[in-house]
2 protein chains.
Amino acid sequence: MSDTAVPRTPSKPVTGRPADREGGAGRHGNASRRIADGLRAAILSGELPPGSRIRQEEVAAQYGASRIPVRGALNILQSDGLVTLIANAGAWVAQLNLAECEEAYQLREQIEPLLISASLPGLTAEKLDRMDDLAARMERAATPEDFLHLDREFHDLSYSGAETVVLADFVCRLWNMTQQYRLAFYRLFEEQGSEIVHDEHRMLVRALREGDADQAGLVMRGHIRRTRQALAQHPELFDGARPGAS
Amino acid sequence: MSDTAVPRTPSKPVTGRPADREGGAGRHGNASRRIADGLRAAILSGELPPGSRIRQEEVAAQYGASRIPVRGALNILQSDGLVTLIANAGAWVAQLNLAECEEAYQLREQIEPLLISASLPGLTAEKLDRMDDLAARMERAATPEDFLHLDREFHDLSYSGAETVVLADFVCRLWNMTQQYRLAFYRLFEEQGSEIVHDEHRMLVRALREGDADQAGLVMRGHIRRTRQALAQHPELFDGARPGAS
DNA sequence: TCCCATGGAATTGGATACAATAGACCCACC
DNA sequence: GGTGGGTCTATTGTATCCAATTCCATGGGA
């Protein structure tokens, strides 16, 4: 009797870090989720660079659990596209080559304008103010890590007005897949700090304040497209054995 | 030493049924994958309708395995968007409401034209002939199940020329997520058999033969858009407790 | 000197057994 | 008669142990 019509929504990450729900506790319930969150954070922060191997036993010891929940966590991360599992061989942090990364950016180009349009009606003035604040803090960011963190917060906020599920999940997945390469990319420009990005962010907030969804979509599309083309000019970020990857 | 640069490609499903690689054996290696494939087939065929509960023990007994690989399979399917897992509660076949299904179709509208463009250069004359054959057989399909199966084969083939990874994976995911609702949809029109679909398929093959990627993309976009709008006129396919869902 | 086969070790995959949580049912109480 | 609490069962999550596979190194041969 209780088998029908139980969970309506797929309970997906939405936009921000996944699995922030559960009331924040999660102390006992599922170690898999907790480990997955920890590993995800490590991967997204660059602590675990692409291509690095993940050994079940190490992770289990690190989190004070057995290998079973670690395997669950790895499965979850594989579904997020952050980890590559090969049967009877092991797990590695997912690695994209230039072509795959460009695919991800082409996808973002196509679907993020949709998401910003869906989000616009739900963006309150308070949220837009916070976006302005984040954009300003981004201009003063000291390190690429800080910059990227603020950048993600900014865009997450810009999408927070959307009540979509599938769309937001896909966008989140694409952001996660490419996060490490954005980090490597911005490390190249640590000193100069591209001014264009800040202009684009201001343009985005302006368009959102004016309620112009089409304009906001165009800004986003240009923003992503420009980044994609800039990335394509630095193939050394891919394939090449990363310095501290061992 | 062996930790760097091992698996380049994320080893994703590509377009067709996932995990058809592995040399076809897979007898012993990973039961998780085998169970996931079985469950996926059951879900996509409609045998397990949306909202139905999946009990680990039942599946384990059915496949002659323990619950551990079943858990792995459920994680995989969750990542595919086919299953909803709730900690300490259980697993259910993922269920979309009308809004979420429309999101999926909006996404398809945006990204499948990209995929057909990427696929066009790799489409041989032989493949195009097979597409013609499939389109013809679709016109004579007896049941919605047959029709849908042929339809998927047709479109999979149309995308088989693409060497993309991320793009094809996303499209495959969207097809899987919405497959059950397409089935329900076509069951409504079992008798009349929409003629438009066949026209669109012929138009697609024609555009592909002429090497007109833009035209092919437009056909696909229209094809998907029309289906989305038709679906929106049948909200009874969603939410409502399905007949044999118990 | 290079290549291939064979051994061992490390790592992953799976089965069984145990603990903990969530839901359901029943009963007492208001 | 309705509601709250309590217990009980079914199901899921985790730990420990064992088997299978893969990778690496070493040794023999061409």
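Remember, it's a predicted structure, so these values are computed and weren't measured experimentally. Throughout, protein chains are lettered first and strands after them, A, B, ... in sequence-line order, and every chain is numbered starting at 1.
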Could you give the CZ-to-P distance, from A/Arg55 to D/dT22, as a whole number of Å? 17 Å

Rounded to the Å, how far apart are B/Ile86 CD1 and C/dT21 C1'? 14 Å

Using whole Å, what does the distance between atom C1' of nucleotide C/dG13 and atom CG of A/Leu85 come to? 12 Å

Between P of C/dG13 and CG of A/Asn88, the distance in whole Å: 6 Å

Could you check whether atom CD of B/Gln229 has more than 12 heavy atoms from other residues, nucleotides or ligands sitting under 6.0 Å from it? yes

What's the separation between atom CG in A/Leu150 and atom CG in A/Leu157, rounded to the nearest 0.5 Å? 12.0 Å

Could you pick out which residue, B/Ala89 or B/Ser32, lies toward the 5' side of DNA chain C when each is mapped onto its nearest nucleotide? B/Ser32

A/Trp175 vs A/His155 aromatic rings, parallel, tilted or perpendicular, using cut-offs 30° and 60°? tilted

Which residues, if any, of residues 57-76 of chain B bring a heavy atom under 4.0 Å of DNA chain D? B/Arg67, B/Arg71

Any A/Gln56 side-chain N or O less than 4.0 Å from OP1/OP2 of C/dG13: yes

Base, sugar-phosphate, or nothing: which does A/Ile54 touch, judged by heavy atoms less than 4.0 Å apart? sugar-phosphate

With sequence neighbours left out, what residues match A/Gln110 under side chain to side chain donor-acceptor pair (under 3.5 Å)? none

For A/Phe185, enumerate each residue passing the ring-ring contact (aromatic ring centres under 6.0 Å, His included) test, keeping only those at least two apart in sequence or located in another chain. A/Phe189

How about A/Glu57: does its CD atom have over 12 heavy atoms from other parts shown lying under 6.0 Å from it? no

